[in-house]
Structure formats: structure tokens, C-alpha cells
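Only heavy atoms go into these numbers, but all of them, side chains included; no hydrogens, no water, no symmetry mates. Every number for a ligand or one of its atoms is a count from 1 in the order of the listing.
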Amino acid sequence: MSLETPSYRGRIAPSPTGYLHLGHARTFWVAQQRVIEYGGILVLRNEDLDSARCKPEFVSAMIEDLHWFGFRWQEGPDCGGTFGPYTQSQRLELYRSRFELLRESGFIYPCTCSRQDVLRSVSAPHAADDEPIYPGTCRGKSLRDVPVGTKVSWRFRVPDGETISFLDGSRGVQSFWAGKDFGDFIVWRHDGIPSYQLAVVTDDDAMQITEVVRGMDLLLSTARQLLLYRALNVRSPKFFHCPLLHDESGKRLAKRHDALSLRALRIQGQTPESIRCSALFSG
Ligand code: GLU
């Protein structure tokens, strides 16, 4: 591996849980524009760890729709690259090795609580559905305290009271309070699946991503991820969080807004150019 600082490497990282919509396209477009501006590399990563929600047909649809819209990536599940595989479900060994490191160095503890956030931890917690602060029930536990046969997940112990700050390329300095704005979070689920937080940090580091461009509903997750980078003793990328698109009622655009999926817009006869020029797209 080269010791030189890598030149700009950006990524787009959709989860194939439905058809991509205008909100994705807009954030990904910013990511691609920044890659072009810096003469860098764009990576497409397939974030398919949520096996209950991700479907193979959405992976092919995602690649087709991204191509149609005008995205061009240099590394990805369809074209390979130096840091592949680019599909998260094929990278479980790497996540396990990072999990073991966190465990050996005492940053995480076993948790036997059967809470919703354990199950949901495999998907990115977008602002409206971010998890409640964990009350710390299992904080003092070690594996010795856990009866044989009990389901064990692993949580990251956040440094209560510490302010986690970073300079966001779009929004300026951002600060979050560990223990107050977010609590101990899952890194490894009892069924052997890493959380979104651990997988994304492992991949952005391993794929040498230099700047993460994504929606601002993930600002709080960036604070969590900065703690993981620090615990794993690796350099974090820079961050650039984009404003989100909302529907008429003020709700964040999500995959349930089928009418605004790229697929539906294409069927209606819209072209990528007309979409990119629309007022909704330019915000
Ligand atoms: N796969 C995540 C999502 O679609 C990506 C989050 C990220 O960019 O870190 O929400």
C-alpha cells in the first residue's frame, strides 16, 4: 500500500432496500461533483447488510438507475477495484476483525438487552428514526456475567460528557455531546452481523475514502463514527453533509415516496437533464 496521502476518494453507498429516489440522486450528485472538482475517484458501495430488507433486484435496479441518471464510478460491485469486494455482505471477515480489535481493547461491552435498537442497528439511523439513548443497563457487564446460551450483542461505551466536534465541509463546525445527544451504540449484533456504524467505518477506512458526502440526517452518526475511528486508531475521512429533500408535508423523502423514484420519473418521460434542472433538485 502506498504511503502517500491518497488523492480525493469519495463514495456513494446506497442500501438496496427499494428504488432510489430523488433525494438519493441529489446527495449522490453532490458527491460526484466533488469527486470531479478534485479530480478524484468515486466508489460505489452496496450496503446490503440488512438481509431482511435488502433484495437482489434492488441492487441491479440501483446500478441501472444510477447509470441512467449520469453517475460514473471507477470502483464498485459491477466493475471491481483495488479495495473490493464492494458489497458489504461479502466483507464480514473484515468487520469481524475490527470488532475483535474493539473487544480486545475494552471499548465495547456485552449487552443482553433485547431492545429495538439492537435489531435496527444494521441500518443507518436517519435523524427522524434515530435510537433513544441507551440507559446503560449492561454497562458494567463482562462475558463472565452472562449465562451460557444468552444472546449477546456488543455496545460501544461512549465517553459521557465529552464533546465530539468536527468541521463539516458544508455546515461548518458541528458538536455533539456523548451520553446526551447519543448513547452507547451497538457495534455487533447477537446474530453475528455488524452494525451500520462499524461496517461503514471499517469500509470508509479500508477503501481509503478521504471525504464522506451524505445527508445531514446522519450528522449524529458521524459523531459516533468519529469515536470508532479513534478507538481503532485510524484516521477519519472529512465529512460533508448535504441538506435533505422533503415532500409537501415536510417529511424527508424516503424510498416509500415511489412517485419520486428515479424509475417512476423515467417512466413518466423525464430525462436526467430535466430532473437535474428542476427546482426540487437544486433545492
Ligand atoms: N447505506 C446508508 C444509507 O443508505 C449510507 C449511509 C452513509 O452514507 O454512511 O442510509
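- Side-chain contact, W73 with D78: a donor N or O sits under 3.5 Å from an acceptor N or O.
- Remark: ligand 1 atoms within the under-4.0 Å shell around heavy atoms of V200 are 9 (O).
- Between the CD1 atom in I209 and the CZ atom in F239 there is a gap of 11.0 Å [rounded to 0.5 Å].
- Interface atoms of ligand 1 facing A124, defined by a heavy-atom separation under 4.0 Å, are 10 (O).
- Ligand-side atoms of ligand 1 in range of Y196: 6 (C), 7 (C), 9 (O), range being under 4.0 angstrom from any heavy atom.
- Considering E47, H126, R214, Q197 only, the shortest heavy-atom separation from atom 10 (O) of ligand 1 involves H126.
- Residue contacts with ligand 1 for Q88 are absent, since no atom lies close enough (heavy atoms, distance under 4.0 Å).
- Heavy-atom separations between R45 and ligand 1 are all 4.0 Å or longer.
- Contact of the L92 side chain with the L49 side chain is registered, since non-hydrogen atoms from C-beta on lie closer than 4.5 Å.
- Exactly one of Y95, Y109, Y196, F99 qualifies for a ring-ring contact (aromatic ring centres under 6.0 Å, His included) with W188. That residue is F99.
- Distances below 4.0 Å separate heavy atoms of L218 from the following atoms of ligand 1: 6 (C), 7 (C).
- Scored by the salt bridge (charged side-chain N to carboxylate O under 4.0 Å, His left out) test, R266 finds E64, D65 as partners (sequence neighbours excluded).
- For E131, there are no side chain to side chain donor-acceptor pair (under 3.5 Å) partners, not counting sequence neighbours.
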